[in-house]
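Letters go in sequence order (proteins before strands), and every chain restarts at 1. Computed over heavy atoms, backbone and side chain alike; hydrogens, waters and symmetry mates excluded.
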Amino acid sequence: MSKPSGKSMDEIVALCRRRGFIFQSSEIYGGINGFWDYGPLGTELKRNLKNAWWEDVVLREMVGPDGKTIEMVGLDSTIIMHPKVWEASGHVAGFNDPMVGCKTEGCKRLFRADKVFMVDLGLDPSGKHVDVGVEADSKAKAEELAIGIAKRFKIRHDANPNPIAFSVLEEFAEIPTDMQRFPCPNCQHRTLTPPRPFNLMFESHSGPIQSDDNKVYLRPETAQGIFVNFLNVVNTTRVGVPFGIAQQGKAFRNEVTPRNFTFRSREFEQMEIEFFIHPSTAKEWYAFWRDNRFAWWQSVGLTSANLQLREHEKDELAHYAKEGAGTSDIEYRFPFTAPGFGELEGVAHRSDYDLRQHAEHSGLRDKMKYFDQERNEKYFPHVIEPSAGADRGTLALICEAYTPDPSRPSGVYMKFHPRMAPVKAAVFPLVNKEGMPEVAEKLYRELRKKWVVDYDPKQSIGKRYARMDEAGTPYCLTIDGQTLKDNTVTVRYRDTLQQERIGIDRVGEFLGQKIGSAQV
RNA sequence: GCGGGUGUAGCUCAGUGGUAGAGCGUCACGUUGCCAACGUGAAAGUCGACGGUUCAAAUCCGUUCACCCGCUCCA
């Protein structure tokens, strides 16, 4: 694999384990595929990212494209909701896509059953019926493609064929043995498995008795919790369109192949905004959030060319976004995706799809519409959704921070933005005697009232600096012989290895300046 | 779900049927005193798991789990 970033994912994973950023879940039992735990340093890092998001999105004053202060409120909805939520959102149908696989050696492809068609091409010159397998979005499309496929596989067919497509799902799902008649769209061998359900939502049961009557789902996205609370928020706060609801929380998806460390986990955490707007303002708000969110990721330390903003092509757009102002991804070039990129956050104009769906399925219908005093108009607001992955973001911070440096004892250091660094500063007595530990401990106790700081009196000073380099601690404060005479300490900078002396009474002020939250 | 690879101490690895090892890290004591210093010592291993072959298995066989790579999937 090419590594334009010059960073090895294996080494990053090893450091994460060694220093306590990320462990495999249930490791002593052999681990469990797709689940990861955060160790002491990783927990602080992820918390810093989530807190920065909350501060910058919900708490901090921000001016929108209309020149007014943005209204944003928080929400904390449950992971398990009424199952109808997921019928309304389309997840029950979407997540139950049956799949068919091809058993032929060398093919072994997997297809969504609803996209697999058998197309009848009439009689070949010897009078035999000819069918080809086609993968397409619709019957019409399959009929269009069929002759080209027959040509590619040199399958002889009727001189004037009238292609007729049959859907695997509709025609064959009930009688699995009939699948033997079905050619594989990839290799044309009649070796497809019967359709098997692929349920991407986690299921459970609410109540002690398991039955279909009390089946529930673990949410596959936090967004629906916001949509179903739309009316509650409008009715209980003084917010009015345009306004946003922000939520952080766990979501669950039975990914087919969890892979790439924490990048594709089955349990993961989202940071989502649903920003409700008048449909006529979609363009401005979409552009605003897209640019704002891209700038935010840069502000927390993803400053290199490894971060990019990518506008979606028309054919990638989700069903609810086809006619909208657009969708874009904020992407990071991880060592395991390089030279490609992996998604950190998607910013999508979801139109009024979700609110309409819930209005329909809940029976509330027009009662779910929003009444806009200013416009004297009742409507379903449109939504701009910036939806970010907290675990993916944390992983990007780790990959970005990882900086090999053979010239220093640790061989590597974690160059976190000070605002993101799990440990902000470490306090060392140069020598663990002669009154230095007492002074150092006093400083440590003072600083830990406000920041995550570390105190380490043991072993050589070089070893202590090296350990802090691997943890990504930006500042080390050392109490030495001179401190006892003039009340100054040395500040050692992680990135430059430079040192300077500052007054011990100025350390708090120094850290406040350096760590203070970044402006977007 | 398919194919390939890997799995021995916290980490990196050695160990091809016969008493489980090294370096680094960790901890303690001493020494040193601004970049993983030195000395002494200590803790630390179900050899991924289960089963089989064998007098004897980290080693051979089977199954399984996890991770990595390539497909596939990612509404």
Side-chain angles (χ1 to χ4, degrees), chain A residues 1 8-11 13-20 23-36 39 86 89-97 99-112 114-115 135 186 193 196 198-201 220-221 253-261 263-266 268 316-321 335-336 342-343 346 353 389 405 407-413 428-434 436 458-470 476-483 489-494 496-501:
Chain A
M1 187 207 286
S8 144
M9 200 57 209
D10 288 348
E11 284 167 27
V13 172
L15 183 138
C16 284
R17 292 176 39 75
R18 188 169 72 243
R19 286 297 152 186
F23 306 122
Q24 200 178 5
S25 170
S26 315
E27 195 175 286
I28 62 170
Y29 290 102
I32 176 166
N33 197 354
F35 298 87
W36 301 90
W86 306 112
S89 69
H91 287 82
V92 171
F95 272 117
N96 272 307
D97 289 334
M99 308 289 288
V100 297
C102 177
K103 288 182 283 199
T104 294
E105 211 48 51
C107 177
K108 299 279 187 188
R109 294 250 309 210
L110 202 60
F111 308 91
R112 271 176 60 169
D114 61 333
K115 291 196 171 180
E135 185 180 20
N186 186 51
T193 62
R196 290 169 294 184
F198 246 64
N199 194 342
L200 266 59
M201 274 201 291
E221 63 175 24
R253 293 181 196 179
N254 267 320
E255 297 289 354
V256 177
T257 311
R259 202 164 287 187
N260 288 330
F261 205 27
F263 184 78
R264 180 166 293 133
S265 301
R266 289 184 167 142
F268 58 100
E316 304 180 65
L317 294 179
H319 53 99
Y320 49 72
F336 51 80
E343 181 184 347
Y353 175 82
D405 179 0
S407 76
R408 63 175 75 202
S410 57
V412 64
Y413 67 109
F428 305 146
L430 182 59
V431 190
N432 195 18
K433 58 187 179 189
E434 291 162 22
M436 294 179 204
K458 303 281 182 73
Q459 305 207 336
S460 75
I461 191 73
K463 190 175 279 197
R464 287 178 273 167
Y465 285 148
R467 280 202 278 247
M468 286 302 139
D469 280 346
E470 280 199 335
C476 290
L477 307 157
T478 303
I479 279 68
D480 57 12
Q482 195 179 329
T483 310
V489 302
T490 64
V491 180
R492 180 261 196 188
Y493 292 85
R494 175 196 65 201
T496 61
L497 306 179
Q498 298 296 304
Q499 291 188 17
E500 65 181 36
R501 297 198 76 89

Side-chain atoms of Q24(A) come closest, of C27(B), A66(B), C34(B), to A66(B)
### Query
Given the C1' atoms of A44(B) and G25(B), what is the spacing between them in whole Å?
12 Å
Measure distances between side-chain N and O atoms of R492(A) and base N and O atoms of C35(B), and say whether any donor-acceptor pair falls under 3.5 Å. yes
query: Is there a side-chain polar atom (N or O) of N260(A) under 4.0 Å from OP1 or OP2 of C69(B)?
result: yes
If pairing means Watson-Crick or G-U wobble with both distances under 3.5 Å, then the partner of G30(B) is C38(B)
By the Watson-Crick or G-U definition, both distances under 3.5 Å, A43(B) is matched with none
Closest to the side chain of W36(A), out of G33(B), G10(B), C67(B), is C67(B)
Could you tell me whether the side chain of D480(A) and the main chain of T483(A) form a donor-acceptor pair under 3.5 Å? yes
Polar side-chain contact D10(A)-C68(B) base: donor and acceptor under 3.5 Å: no
Partner of U64(B) under the Watson-Crick or G-U wobble criteria, both distances under 3.5 Å, comes out as G48(B)
R266(A) atom CZ is separated from C73(B) atom P, nearest whole Å, by 16 Å
Y465(A) has its side chain closest, among C35(B), A36(B), G10(B), to C35(B)
Practice problem: Looking at every strand, decide which applies to F261(A) at a 4.0 Å heavy-atom threshold: base, sugar-phosphate, or nothing. | Solution: sugar-phosphate
Ranking U26(B), A37(B), C73(B) by distance to the side chain of E135(A), first place goes to C73(B)
K463(A) atom NZ is separated from C24(B) atom P, nearest whole Å, by 10 Å
If pairing means Watson-Crick or G-U wobble with both distances under 3.5 Å, then the partner of G17(B) is none
Among C69(B), U12(B), A75(B), the one nearest any side-chain atom of R253(A) is A75(B)
Worksheet item: Is any side-chain heavy atom of R492(A) less than 4.5 Å from a side-chain heavy atom of Q498(A)?
Response: no
Practice problem: Write down the distance separating the P atoms in G23(B) and U40(B), rounded off to the nearest Å. | Solution: 12 Å
*asked:* Can you check the distance between C50(B) and A42(B), where both ends of the measurement are the C1' atom (answer in whole Å)?
replied: 35 Å
State whether the distance check finds a donor on one side and an acceptor on the other, under 3.5 Å, for side chain R264(A) versus base C74(B). yes
Notebook entry, point to check: Taking side chain as C-beta onward, heavy atoms only, is M468(A) less than 4.5 Å from F428(A)?
Noted result: yes
query: When the C1' atoms of A57(B) and C24(B) are considered, how many whole Å apart are they?
result: 30 Å
For L430(A), is there any backbone N or O sitting under 3.5 Å from a side-chain donor or acceptor partner on R464(A)? yes
(Q) Using a heavy-atom cut-off of 4.0 Å across all strands, would you classify G342(A) as base, sugar-phosphate, or nothing? (A) nothing
Please give the distance between the P atoms of U12(B) and C55(B) as a whole number of Å.
38 Å
Pairing partner of U12(B), by Watson-Crick or G-U wobble and under 3.5 Å for both distances, is A22(B)
* **S460(A) (side chain) donor-acceptor with K463(A) (main chain) under 3.5 angstrom** => yes
- Can any side-chain N or O of W36(A) pair as donor or acceptor with the backbone N or O of F261(A) at less than 3.5 Å? yes
Pairing partner of G3(B), by Watson-Crick or G-U wobble and under 3.5 Å for both distances, is C69(B)
Original post:
Expressed as a whole number of Å, how far does the P atom of U16(B) sit from that of G1(B)?
Top reply: 35 Å
Review point. Which part of the nucleic acid, if any, lies within contact of E11(A), taking any heavy atom under 4.0 Å across all strands shown: a base, the sugar-phosphate backbone alone, or nothing?
Key: nothing
query = On a whole-Å scale, what distance lies between the P atoms belonging to C60(B) and G5(B)?
reply = 14 Å
